[in-house]
Amino acid sequence: MDGHALRALDACLAQIKRDAYADPANPANPANPANSVRPAGRSGRQVRPGQTEVFVHLTDLTLATGTGVLRAEGIGPLLAEQLTELVGHGPYTVKPVIDLNDAVSVDAYEIPARIRERIRLTYPVELFPYGTRESHRGIDLDHIEPYDPYGPAGQTSTRNLAPLSRFAHRVKTHAHGWDVRRVDHKTLEWTTPHGFRFEVGPTGTHRLPNATSDG
């Protein structure tokens, strides 16, 4: 790694470390010995470091041998050996990226963390036409085909869930005249009450010819 790349990596690691140790209730830096314990207040607890997840894209061969090139999200390409240096700077959870093409389901209405994470990684923003809400961990996940407690198994699945903001979720569920259907396992087609049609997927929103068009 040349000097420029090393400095860029060090700067990125320093930022990750600052984020990991950030305390939302106390803006003071807990790495400072003077701030290692919170001032007298409601909790009086010792400040503990946070945790940063590092998502790593790598092949089966690299995972098995520990050699080769991988890509860490937010950092870029790295040699596998450099990952050791990366995780040595603080408390991190390093996760190999899961295969998002796998269909995963459960026989319950509640959505487990492993499915929620797959949806968040597949769709960076909500699947509403021209939606801008990022798919954070707490975003609503809507059953595209409404969940039926007496229906078939596997209704809560990566193929039947879509991230939506609370507004978009309410539009789909309660607003009159809106229709949505799945085109493929990553794309939805929305139709508005006025007949406007949109395909929405991981690459954004694409306008389709109107269903009510005379031409």
Hydrophobic cluster identity match, Tyr109 and Ile139, side-chain contacts under 4.5 Å: no
Residues clustering with Leu208 (ILVMFWY side chains joined when closer than 4.5 Å, directly or via others): none
Heavy-atom check, side chain of Arg182 versus side chain of Thr187, under 4.5 Å: no
Student check: side-chain heavy atoms of Arg137 and Arg120 closer than 4.5 Å: yes
Val106 side chain reached by Ile115 side chain, heavy atoms, under 4.5 Å: yes
Val171 vs Phe128 side-chain heavy atoms within contact, under 4.5 Å: yes
Residue pair Leu78 / Arg71, side-chain heavy-atom distance below 4.5 Å: no
Point-to-point distance, once rounded to the nearest 0.5 Å, from NE2 of His185 to OG of Ser157: 11.5 Å
From CA spacing to verdict: side chain to side chain donor-acceptor pair (under 3.5 Å), Asn160, His143: CA-CA 6 Å; Asn160 192 40; His143 288 78; 5.3 Å; no
Joint cluster assignment, Trp178 & Leu188, ILVMFWY side-chain distance < 4.5 Å: yes
Positive for ring pair (Phe, Tyr, Trp, His ring centres under 6.0 Å) with Tyr130, one of Phe196, Trp190, Phe198: Phe198
Val69 with Ile75, same ILVMFWY side-chain cluster at under 4.5 Å: no
Student check: side-chain heavy atoms of Gln155 and Glu145 closer than 4.5 Å: no
Note, Thr156 side chain near Leu161 side chain (heavy atom, < 4.5 Å): yes
CG-OG distance between Leu121 and Ser135, expressed to the nearest 0.5 angstrom: 9.5 Å
Evaluation steps, side-chain contact (heavy atoms from CB on, under 4.5 Å), between Asp142 and Thr173: CA-CA 9 Å; Asp142 174 70; Thr173 304; 4.3 Å; yes
Nearest atoms (heavy-atom pairs only) where Asn101 meets Arg159: O-NH2, 3.0 Å
Test item: Glu117 side-chain N/O and Arg114 main-chain N/O as donor-acceptor pair under 3.5 Å: no
Sidechain N-carboxylate O distance under 4.0 Å for Arg133, Glu126: no
In one Ile/Leu/Val/Met/Phe/Trp/Tyr side-chain cluster, 4.5 Å: Ile144, Val125: no
